[in-house]
Amino acid sequence: MKATAKAPANIAFIKYWGKTNEALRLPANSSLSMNLSNAFTVTSVEFGKQFKTDIVFMNGKKIDGGEALRISQHLNKIRKLAHMNLKAKVETENNFPKNAGIASSASGFAALTVAGSVAAGLKLSEKELSILARVGSGSACRSIPDGFVEWKQGNSSETSFAYSLYPADYWDIRDLIIVVGSASKKVGSSEGHALAESSPFYVARIKDMSQKVVEIKKALGQKDFTKFGEILEAEAINMHAVMMTSNPPLLYWNPMTIEIINSVWKLRDSGVEVYFTIDAGPNIHLICQAKDMIKINTTLKKLPSVKFTIVNHPCEGTRLIS
Ligand code: PMV
């Protein structure tokens with residue numbers, strides 16, 4: 001009763017910020033993302049009579065408290081589906097450095113969902129896995145299918161899941177993660193979603209989301225990189241405007257984030273097509289075409305505020321590896 005799965009993190013071009021149902025993690029809008037080849041989690045789950053409680057090892061260290069509890073609660077959902085009560089040992093490793101400020105909940109809950117359900121003897125479809133991963137952490141549902149992914153908002157748990165729009169080799173674009181900060185956030189995304197509604201800009205944001213999804217899907221379908229980049233960058237700023245104007249306000253940027261934004265705009269002015277997007281943290285994702293990646297990476301790495309960068313191309317979704 002043991003299985004191991006590997007899941008990629010994903011970067012959203014159209015973001016998920018705000019929920020209509022807290023417990024089920026139903027989003028206030030559809031979102032669109034790409035799986036990241038070089039930011040992933042490998043998780044093993046073993047159920048057995050020898051375990052008196054669930055035990056969780058993260059990057060080689062036994063963990064207790066909040067994170068371990070959330071993992072245990074997710075295993076409870078799997079146990080319920082499999083009609084069994086065995087406790088489990090969970091071993092989970094991220095390939096990116098701990099405390100790099102790179103979110104691991106999407107890759108983490110996608111890997112846990114696939115490894116856990118297989119170890120429990122369940123045979124779930126991709127759609128069912130995506131729904132189950134979503135309940136663990138919203139954005140995790142997008143790490144299950146391959147390549148370029150849409151998470152349909154839906155209006156119930158059964159209708160809110162992610163599916164692949166295009167496979168990983170559809171478009172040779174890059175996501176260069178620029179790591180500038182690692183301090184753990186005061187308000188994580190789980191709590192942050194609940195504050196979205198307190199922003200006076202939230203209603204305006206939600207009103208435009210369906211149209212934005214239509215437009216970015218059109219740009220993706222036509223491989224129109226300029227249109228695609230313009231939409232995703234404006235979308236990131238839009239989400240952060242809601243974060244900054246919520247009550248209490250959430251400011252995930254630091255001075256280095258702004259320095260990188262200015263460098264991106266300078267590069268664009270000089271004719272290099274690169275756009276940025278930012279999640280709930282100070283690090284920035286730069287989206288570019290494969291041909292421009294080396295130039296952009298070399299330029300950015302020279303900035304003193306850049307700790308390191310991670311180059312990603314689109315990749316497949318979550319896979320069982322043993
Ligand atoms: O899945 P969560 O609860 O960690 O929320 C993800 C929120 C953002 O990363 C800011 C946006 C997104 O769609 O990934």
Side-chain angles (χ1 to χ4, degrees), residues 9-33 65-67 70 99-106 108-109 134 137-140 142 151 153 175 177-213 216 229-265 275-287 303 305-307:
N10 68 77
I11 183 65
F13 301 127
I14 301 296
K15 310 284 191 188
Y16 145 58
W17 196 247
K19 294 178 224 176
T20 58
N21 182 311
E22 179 68 35
L24 292 172
R25 295 184 201 268
L26 295 179
N29 58 270
S30 297
S31 54
L32 193 136
S33 64
E67 265 175 312
R70 207 168 148 194
N99 298 330
I102 300 170
S104 57
S105 69
F109 277 92
R134 188 205 73 226
S137 174
S139 56
R142 295 189 309 237
W151 171 11
Q153 179 189 7
D175 173 1
I177 308 178
I178 311 290
V179 178
V180 295
S182 58
S184 61
K185 326 171 203 184
K186 282 200 208 86
V187 179
S189 52
S190 283
E191 293 163 71
H193 287 285
L195 295 177
E197 270 181 320
S198 67
S199 162
F201 298 159
Y202 183 64
V203 174
R205 168 172 169 77
I206 294 301
K207 185 170 79 53
D208 291 342
M209 290 312 277
S210 312
Q211 186 54 27
K212 227 190 261 189
V213 172
I216 202 156
E230 284 170 1
I231 296 171
L232 75 89
E233 189 173 291
E235 158 60 2
I237 297 172
N238 180 306
M239 177 184 73
H240 282 271
V242 167
M243 290 165 158
M244 287 176 202
T245 50
S246 66
N247 184 11
L250 297 174
L251 180 61
Y252 286 113
W253 301 2
N254 66 26
M256 294 174 280
T257 315
I258 295 171
E259 191 190 346
I260 310 295
I261 293 176
N262 281 318
S263 305
V264 168
W265 286 340
Y275 299 88
F276 71 82
T277 182
I278 310 172
D279 283 336
N283 299 322
I284 304 208
H285 295 247
L286 302 193
I287 311 301
L303 297 178
S305 52
V306 174
K307 288 190 173 171

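The CD1 atom of Ile11 sits 9.0 Å away from the CG atom of Leu232 when rounded to the nearest 0.5 Å. From Arg25, atom CZ reaches atom CZ of Phe109 across 7.0 Å, with rounding to the nearest 0.5 Å. The CG atom of Asn247 sits 8.0 Å away from atom CG of Leu195, with the distance rounded to the nearest 0.5 Å. Here the NZ atom belonging to Lys307 is positioned 8.0 Å from the CG atom belonging to Asn283, to the nearest 0.5 angstrom. Between atom NE2 of residue His285 and atom CD1 of residue Ile177 there is a gap of 4.5 Å, rounded to the nearest 0.5 Å. Atom NZ of Lys212 and atom CD1 of Ile206 lie 9.0 Å apart (nearest 0.5 Å).
Scored by the side-chain contact (heavy atoms from CB on, under 4.5 Å) test, Glu191 finds Val187 as partners (sequence neighbours excluded). With sequence neighbours left out, the side chain to side chain donor-acceptor pair (under 3.5 Å) criterion links Arg205 to Glu235, Asn238. By the side-chain contact (heavy atoms from CB on, under 4.5 Å) test, Leu24 is found to be paired with Asn21, Leu26, Arg134, Ser157, residues two or more places apart in sequence or in another chain being considered. When the side-chain contact (heavy atoms from CB on, under 4.5 Å) test is applied to Ser210, no partner is found at least two apart in sequence or on another chain. For the ring-ring contact (aromatic ring centres under 6.0 Å, His included) test, residues two or more places apart in sequence or in another chain that qualify with Tyr16 are Trp151, His193. Every side chain to side chain donor-acceptor pair (under 3.5 Å) that Ser305 has, sequence neighbours left out, goes to Glu259. Applying the side-chain contact (heavy atoms from CB on, under 4.5 Å) criterion to Glu197, with sequence neighbours excluded, gives Tyr202. The ring-ring contact (aromatic ring centres under 6.0 Å, His included) test applied to Tyr252 returns no partner, not counting sequence neighbours. By the side chain to side chain donor-acceptor pair (under 3.5 Å) test, Ser30 pairs with no residue at all, sequence neighbours left out. Take Glu233 and apply the side chain to side chain donor-acceptor pair (under 3.5 Å) test, not counting sequence neighbours, and it matches Trp265, Arg268.
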*What do the steps show when you test Ile258 against Trp253 for side chain to side chain contact (heavy atoms under 4.5 Å, CB included), and what is the final call?*
CA-CA 7 Å; Ile258 295 171; Trp253 301 2; 4.0 Å; yes
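Contact check for Met209 versus Ile14: side-chain heavy atoms found under the 4.5 Å cut-off. Side-chain atoms of Phe276 and Ile237, non-hydrogen and from C-beta on, do get closer than 4.5 Å to each other. Ile260 places a side-chain heavy atom less than 4.5 Å from the side chain of Val306.
Minimum heavy-atom separation, Thr257 to Pro282: OG1-O, 3.0 Å. Of all heavy-atom pairs between Leu303 and Ser263, the closest is CD1-OG, 3.4 Å. Taking every heavy atom of both residues into account, Ser190 and Glu22 meet most closely at O-OE2, 4.4 Å. Summarising the geometry of Ala196 relative to Trp17, their closest heavy-atom pair is CB-CD1, 3.7 Å, with the distance given to 0.1 Å. Here the closest non-hydrogen pair linking Met244 and Pro249 is O-CB, 3.2 Å. Here the closest heavy-atom approach between residue Ser137 and residue Ala106 is recorded as OG-N, 4.5 Å.
Counted within 6.0 Å of CD on Glu230, heavy atoms from surrounding residues, nucleotides or ligands total more than 12; the atom is thus considered enclosed.
Side-chain atoms of Ser199 and Thr245 form a donor-acceptor pair, as typed in the model, at a separation below 3.5 Å.
In this structure, the side chain of His240 engages the main chain of Ile278 through a donor-acceptor pair within 3.5 Å. Looking only at distances, no side-chain donor or acceptor of Asp175 sits under 3.5 Å from a matching main-chain atom of Ile287.
Among pairs with a residue in residues 275-285, those fulfilling salt bridge (Lys or Arg N to Asp or Glu O under 4.0 Å) read Lys15-Asp279, at least two apart in sequence or across chains.
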